[in-house]
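Below: one structure, written as C-alpha cells.
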Amino acid sequence: MVSRALILVEGHRGIGLLYIQAAQCLGLHPITLTADPARYDYLAAENVEAIRVDTDNLDALIRECSRLRTTHDIAGITGFAGDHESVYATVGKLCRHFDLPGPNPESIEQSGDKFNQRQLLRHAGVPIPAYRMATNAAEVESSAAEIGLPVILKPAVGSGSIGVRLCRSVEDVAEHTTYLLGGKHIWRSTPKILVEEFAQGPFYSINVMGNEVVGICANDFGPLPHFVIREVTYPALLTDEQRERIADVSLSCLRALGLGWGPTNIELRCTKRGPVVIEVNPRLSGAPDPQLVQLAYGIDLVIEHIKLVIGEEWNLRKRHSHTAAARFLLPDQDGILDWIGGDTEAAAIPGVAEVKLNVEPKTPIVRKGDFRDWIGYVIATSPSLAETEGALQRAVDLIDWSITPFPAVGEQAQSACGDR
C-alpha cells in the first residue's frame, strides 16, 4: 500500500518535532527535505526520513517531490520559516506547482520584507509606528532625526528579534548601525535597515488561523535595549472592548497583506492611540506558543494546520479556557556553562506542564540579544492566572546554573605565555 506522505521543507528546532508527531497521529508519513539534516536533532532521534536537498532551489525541490510521488501519495506540503520567510514562500510555490492546498507565495514574499509590509499596512489604514528605510549610515542618522529619538533599528528582513535594538541616543544609533552594516550581522539579502518609532505600551501576540483569531497572549520582555521575550501568558488580560479592537486590527492586517490562508502571527502594542501593529508573520509562531494554545484552549494548532494542508476540515472550537504561561530562562553573563540542573524537580511541581533545557554543560554562552539567548523554558497551566504564575515561579526558582566567565584578553595572553 502506498503511504500518504507529508512533505516538510526544512525543520524547526522548536516545533519541528510537533509536526512530525502530529503527522504520524493523522496517519501520515513525514518526510523532511533539508539542506542539512544534522541541524535538527529530532530527525535522527526519532528516525524521521530526511532527504538532503538545496531548499533555496525551487527546481531542485520540484524534482525531489516529483521523484517522491512515484513511491508515495503526497497528501500535502508545508514547512518552516527560519531566520527569514523565504522558505515558507517556497512552500507556497511548491503547493501551487503540485496543485495542493497552500499559502499564497506572493503574499508571503511581500510580507517578509518589513519595509514593504509597512507600506502595504499604511496604505490600508492599519495603525503602525512611524518608519523610514535606510541603506547606509547617513540615511539611518537622518531617518532617526526625522522620527525623533528613541528609535528602533532592525533589519528589514529577518525574524526572532535578530539585529533589533532600541537606540536612545545618537551614539546608540551610530553604534548599532556600525554593527548591522560593518560585517557582524549576517545579511541574506541586500542590507536594508528599518528605522522606526518606539511605540510604547503592553505587547500582545495574536495567533490567527485562516480568518479566525484563536488566541491573544501577553508578552513580557527582558531588559532593553534588546527585545528578548521573557514570559508569555495565554490568554492576555483584556476587556471585551480591547479584545475586539485587537481582533479587528489583526484581521485588517490579513486583508492588507493578502493573507488569510493557514496560520498568521501578528504582534502589536496597545499605545495611547490604540493598537499599533509592530509585525505580521505569515506562519505559525514557534515554541512554546502552540503548546500554550493547546493548554489554554484545547486547540492543537499544529494538527489543525496539517489538516488544512492535506485538504481536510479543521476544527478551531475551544474545548476549555485555562491560563497557560511560559517563562524563558535567560543567562545573566557570557562564559562557559559549568552545570545546569533542577529541571526534574521543577517538572514535578503541580501545574507545571513542561520543562525544557536547550543547553548542555560545557556549552559556550554568548548572549546575542535575541531569541537565541534562551537556554530553556518552563510551562505551567491551571484554571487561574494566580495558580499558574505561582507554579511557574516555584518551578523557575528550582532551576539553577553556573557560568564561568570567559577569561579577559590579558588573562588569555598571560595563560598562553605560561604554557610555553
Quick one: does any side-chain atom of [X] pair with a main-chain N or O of [Y] as donor and acceptor, under 3.5 Å?
| X | Y | result |
| --- | --- | --- |
| E231 | N219 | no |
| R243 | L238 | yes |
| T239 | Q242 | yes |
| S161 | F227 | yes |
| N281 | R283 | no |
| D289 | S285 | no |
| K114 | G158 | yes |
| R4 | D73 | no |
| E109 | A89 | no |
| R327 | A325 | no |

**Request:** Not counting sequence neighbours, which residues clear side chain to side chain donor-acceptor pair (under 3.5 Å) with H322? List them please.
**Result:**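 Side chain to side chain donor-acceptor pair (under 3.5 Å) list for H322, sorted by chain: empty.
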
Are there over 12 heavy-atom neighbours, none belonging to [X], within less than 6.0 Å of that residue's [atom1]?
| X | atom1 | value |
| --- | --- | --- |
| E244 | CD | no |
| E197 | CD | yes |
| D99 | CG | no |

Could [X] and [Y] be called an ion pair, given the rule that one side-chain N must be under 4.0 Å from one carboxylate O?
| X | Y | value |
| --- | --- | --- |
| D370 | K368 | no |
| R69 | E64 | no |
| R132 | E196 | no |

Considering only distance and modelled atom types, tabulate donor-acceptor pairs under 3.5 Å from the side chains of residues 356-363, sequence neighbours left out.
{"residue": "N358", "atom": "ND2", "partner": "W374", "partner atom": "O", "Å": "3.4"}
{"residue": "T363", "atom": "OG1", "partner": "E360", "partner atom": "N", "Å": "3.4"}
{"residue": "T363", "atom": "OG1", "partner": "E360", "partner atom": "O", "Å": "2.4"}

Return the minimal non-hydrogen interatomic distance between [X] and [Y], and the atom names on each side.
| X | Y | value |
| --- | --- | --- |
| K154 | V164 | CB-CG2, 3.6 Å |
| G258 | S107 | O-OG, 2.8 Å |
| I15 | P290 | CG2-CG, 3.9 Å |
| P103 | I108 | CB-CD1, 4.1 Å |
| I399 | V355 | CD1-CG1, 3.9 Å |
| S111 | P282 | CB-CG, 4.1 Å |

**Prompt:** Is there a side chain to side chain contact (heavy atoms under 4.5 Å, CB included) between I246 and S250 once you walk through the steps?
**Reply:** CA-CA 6 Å; I246 289 173; S250 299; 4.1 Å; yes

**Asked** R13 and D41: salt bridge (charged side-chain N to carboxylate O under 4.0 Å, His left out), yes or no, with the steps?
**Response** CA-CA 8 Å; R13 292 187 182 92; D41 294 344; over 6 Å; no

**Asked** Any side-chain heavy atom of L301 sitting closer than 4.5 Å to one from Q294?
**Response**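 No. Closest side-chain heavy atoms not under 4.5 Å.
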
**Item:** L166 vs V151 side-chain heavy atoms within contact, under 4.5 Å
**Value:**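 Sidechains of V151 and L166: no contact.
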
**Prompt:** Centroid-to-centroid, F80 to Y88, below 6.0 Å?
**Reply:**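 For F80 and Y88, the ring centres are not under 6.0 Å apart.
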
**Aromatic ring proximity, centroids under 6.0 angstrom, Y19 and H12** =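 So the answer is no for these two rings.
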
**Request:** Would you check, one step at a time, whether the test side chain to side chain contact (heavy atoms under 4.5 Å, CB included) holds for V280 with Q117?
**Result:** CA-CA 8 Å; V280 179; Q117 183 187 113; 3.7 Å; yes

**Item:** Qualifying residue for side chain to side chain donor-acceptor pair (under 3.5 Å) with Y234, from N207, T323, T388
**Value:**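 Of all the options given, the one that passes is N207.
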
**Request:** Working to the nearest 0.5 Å, report the span between CG of L308 and CH2 of W261.
**Result:**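 Reported value, rounded in 0.5 Å steps: 4.0 Å.
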
**Item:** Distance (rounded to the nearest 0.5 Å) between I216 CD1 and L268 CG
**Value:**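 I216 atom CD1 to L268 atom CG measures 8.0 Å (nearest 0.5 Å).
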
Regarding [X] and [Y], do their side chains bring together a donor and an acceptor under 3.5 Å, going by distance alone?
| X | Y | value |
| --- | --- | --- |
| T135 | E139 | yes |
| E10 | T34 | yes |
| N265 | S205 | yes |
| R367 | Q333 | no |

**Message:** Using the rule given for side chain to side chain contact (heavy atoms under 4.5 Å, CB included), can you reason through I62 versus L94, listing the C-alpha separation, both sets of side-chain angles and the distance that settles it, and then say yes or no?
**Reply:** CA-CA 7 Å; I62 289 173; L94 276 175; 3.7 Å; yes

